[in-house]
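Side chains included, hydrogens not; waters and symmetry mates left out as well; all remaining heavy atoms used. Along the sequence shown, residues are numbered consecutively beginning with 1.
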Amino acid sequence: MNVLVVGGGGREHALVWKLRQSPRMEKIWCAPGNGGIAPDAECVEIDAGNVAGLVAFAEKNLPDLTVVGPELPLVNGIADAFHARHWAIVGPSKQAAQLEGSKIFAKQFLRRQGIPTARMLETFDSAEQAASALRSAAWPVVLKADGLCGGKGVLVAQNLEEACDFLERAMVKNEFGAGAKRILLEEALEGEELSFILVTDGKGYAPLAPTRDHKRVFDGNRGPNTGGMGAYSTDELLPQPLRKTLVSTIVEPTLRGLASDGIPYQGFLYIGVMLTKTGPKVLEFNCRLGDPETQAIVARMDFDLAEVLADVAAGSLEPAKLRWKKGASACLVLASGGYPGKSVVGKQIDGLTAAKQITGVTVLHAGTKRRGEAMVTSGGRVLSVTAAAPSLEGTLQSVYQAAAKIRFEGMHYRRDVGRQIDSLKAAGN
Ligand code: AMP
């Protein structure tokens with residue numbers, strides 16, 4: 001099998017790493033990939049969002065299967081372009097990807113289907129009108145850019161000043177790009193957050209191993225939000241009663257609702273949920289796997305990913321094939337100085353070989369590139385140190401032992417990944 005993986009971060013390295021283990025794997029391309037993916041796949045210089053470029057590449061190289069990591073190519077219609085040519089691809093259509101590409105589309109869908117979610121207050125396409133409506137608001141209020149903003153498009157505002165500052169940056173200074181032309185306001189929910197990630201072929205679905213991520217940059221959930229500083233997985237994260245509630249009130253109504261709306265959905269679906277006092281409510285949909293959750297999920301896979309994804313693309317998913325290693329996994333993100341603000345890059349990375357020698361540890365690359373014989377940093381989130389072991393404690397020990405071997409100037413990481421399991425259990429029970 002020859003496979004094209006679209007994207008170039010830690011999530012895509014995790015996919016490549018697992019696909020590579022399949023006995024049926026011959027060649028993997030990764031577009032655009034990164035310096036650390038290069039030993040595992042042939043990196044192709046095409047941006048992930050460049051659908052025409054990816055179509056031209058596939059036309060020439062004929063991959064048996066294409067797996068899409070990030071949201072941008074999906075929202076740009078890569079699945080439609082590939083389906084029109086009868087090429088196998090894992091990922092939803094442009095219309096289905098609107099669940100992530102437009103928060104207003106997602107909200108209207110949830111409302112139509114009667115699926116629990118935060119109440120939408122109003123939508124605006126002018127900062128002035130939004131600000132004037134907010135003068136009489138009861139705080140906190142959540143402001144969300146309608147379109148894709150690379151993770152910057154949401155603010156839980158505590159007061160008018162914060163809200164106006166966000167509106168100014170989003171809609172006047174256009175700091176978040178075209179995705180922030182429209183803004184929606186919604187009710188703020190309180191509770192513990194949880195994500196439920198599944199894969200579906202449009203008919204059946206299989207949940208992936210439950211994970212939890214750490215979004216804030218500093219220990220104890222302090223500091224600004226990031227793309228994710230780490231994630232971990234254990235079955236305890238999703239006790240059976242909570243799983244049942246999520247499946248019956250959110251997961252299955254969502255899949256049924258998409259089908260009844262005539263929006264077939266194939267690929268990964270990430271459902272962000274808040275466990276509120278009045279039950280679980282949807283915060284957001286993502287039309288793809290999360291990063292760094294994927295690294296933790298892949299570490300627990302005890303099945304042939306290439307086979308299962310080929311089944312998904314062919315519409316013949318067999319959920320029983322997805323078997324998970326018992327125990328736990330974790331992924332610790334090593335970030336550059338300055339991240340999540342402006343990151344200092346171009347720093348030499350040492351200790352990778354020593355880190356990889358620790359049993360059960362894989363070092364996945366996100367922001368790295370080769371400079372001669374050396375590996376140097378090239379982005380904010382640099383490496384995902386990932387491990388699986390029979391216990392969460394053992395997993396964390398391996399991950400932190402490996403991280404201690406790695407060095408680059410300015411490197412920082414959280415020391416408390418995997419440490420908040422109790423609060424979530426309490427919220428879910
Ligand atoms: P989203 O991209 O919609 O998930 O928003 C990013 C983050 O903002 C979520 O992970 C939550 O932490 C927070 N958030 C989003 N919507 C709400 C809400 N209605 N109430 C409270 N927090 C929210």
Side-chain angles (χ1 to χ4, degrees), residues 1-16 18-19 27-34 37 41-103 105-106 146-151 177-179 197-202 205 227 258 262-270 284-291 294 305-306 308-315 317 366:
M1 219 171 145
N2 297 329
V3 178
L4 168 63
V5 174
V6 178
R11 167 182 53 207
E12 288 74 23
H13 195 183
L15 292 169
V16 164
K18 188 66 196 175
L19 288 166
K27 182 160 185 93
I28 307 180
W29 298 276
C30 193
N34 66 48
I37 292 179
E42 183 183 325
C43 293
V44 185
E45 265 185 59
I46 305 171
D47 281 344
N50 176 1
V51 172
L54 293 164
V55 166
F57 176 85
E59 201 135 47
K60 205 164 137 220
N61 294 281
L62 302 173
D64 300 301
L65 177 69
T66 297
V67 182
V68 185
E71 61 278 16
L72 188 59
L74 295 166
V75 170
N76 287 350
I78 190 171
D80 310 69
F82 276 51
H83 286 150
R85 293 164 175 84
H86 307 288
W87 298 339
I89 185 164
V90 176
S93 67
K94 183 173 185 162
Q95 189 195 17
Q98 286 297 297
L99 279 186
E100 176 167 3
S102 165
K103 302 251 187 216
F105 175 94
D146 181 41
L148 297 182
C149 291
I197 311 178
L198 60 90
V199 63
T200 170
D201 64 352
Y205 77 94
L258 286 166
I263 310 172
Y265 194 104
Q266 180 261 69
F268 296 102
L269 179 63
Y270 175 123
E284 63 164 339
F285 291 116
N286 292 326
C287 60
R288 35 100 195 156
L289 287 165
D291 185 333
T294 305
L305 180 61
V308 165
L309 293 184
D311 289 351
V312 168
L317 170 69

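- Annotation: side chain of Gln98 is in contact with side chain of Val75 (closest heavy-atom distance under 4.5 Å).
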May I have the list of side-chain donor-acceptor pairs in residues 1-14 shorter than 3.5 Å, sequence neighbours left out?
{"from": "Asn2", "atom 1": "OD1", "to": "Lys27", "atom 2": "N", "distance (Å)": "3.2"}
{"from": "Arg11", "atom 1": "NH1", "to": "Leu289", "atom 2": "O", "distance (Å)": "2.8"}
{"from": "Glu12", "atom 1": "OE1", "to": "Gly9", "atom 2": "N", "distance (Å)": "2.8"}
{"from": "His13", "atom 1": "ND1", "to": "His365", "atom 2": "N", "distance (Å)": "2.7"}
{"from": "His13", "atom 1": "NE2", "to": "Asp40", "atom 2": "OD2", "distance (Å)": "2.8"}

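- Tested against Phe57, the residues Asn50, Val44, Leu62, Thr66 include a single side chain to side chain contact (heavy atoms under 4.5 Å, CB included) partner, Val44.
- For Asp146, the side chain to side chain contact (heavy atoms under 4.5 Å, CB included) partners two or more places apart in sequence, or in a different chain, are Ser102, Lys103, Ile104, Arg182.
- Closest approach of Val16 to Ala41, counting heavy atoms only: CG1-CB, 3.9 Å.
- Nearest heavy atoms, Ala96 versus Pro264: CB-O, 3.8 Å.
- Using a 4.5 Å heavy-atom threshold, the side chains of Val55 and Arg85 count as touching.
- A distance of 8.5 Å separates CD1 of Ile197 from CG of Asn286, quoted to the nearest 0.5 Å.
- Annotation: side chain of Leu99 is in contact with side chain of Leu269 (closest heavy-atom distance under 4.5 Å).
- Looking at residues two or more places apart in sequence or on another chain, you find no side-chain hydrogen bond (donor to acceptor under 3.5 Å, both in side chains) involving Asn34.
- Within the model, atoms CD1 of Ile78 and OG of Ser93 stand 13.0 Å from one another, a figure rounded to the nearest 0.5 Å.
- Nearest heavy-atom pair, Gly179 versus Cys149, reported as atom, atom and distance to 0.1 Å: C-SG, 3.9 Å.
- Atoms CG and CD1, from Leu258 and Ile263 in turn, are 5.5 Å apart once rounded to the nearest 0.5 Å.
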Quick one: do Phe268 and Leu309 satisfy side-chain contact (heavy atoms from CB on, under 4.5 Å)? Show the steps, please. CA-CA 10 Å; Phe268 296 102; Leu309 293 184; 3.7 Å; yes
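- A search for side chain to side chain contact (heavy atoms under 4.5 Å, CB included) contacts involving Leu72 returns Asn76, Leu148, not counting sequence neighbours.
- Taking 4.5 Å as the limit, every side-chain heavy atom of Trp87 sits out of range of all side-chain heavy atoms of Pro63.
- Considering CG of Leu54 and CH2 of Trp29, their distance stands at 12.5 Å, rounded to 0.5 Å.
- In this structure Asp201 satisfies the salt bridge (Lys or Arg N to Asp or Glu O under 4.0 Å) test with no other residue, sequence neighbours excluded.
- Interatomic distance, Tyr265 OH to Tyr205 OH, rounded to the nearest 0.5 Å: 14.5 Å.
- In this structure, NZ in Lys94 is found 11.5 Å from CG in Leu74, a value given to the nearest 0.5 Å.
- A donor-acceptor pair under 3.5 Å is formed between the side chain of Gln266 and the backbone N or O of Gly91.
- Sorted by first then second residue, the salt bridge (charged side-chain N to carboxylate O under 4.0 Å, His left out) pairs that include residues 47-73, not counting sequence neighbours, are Glu71-Arg288.
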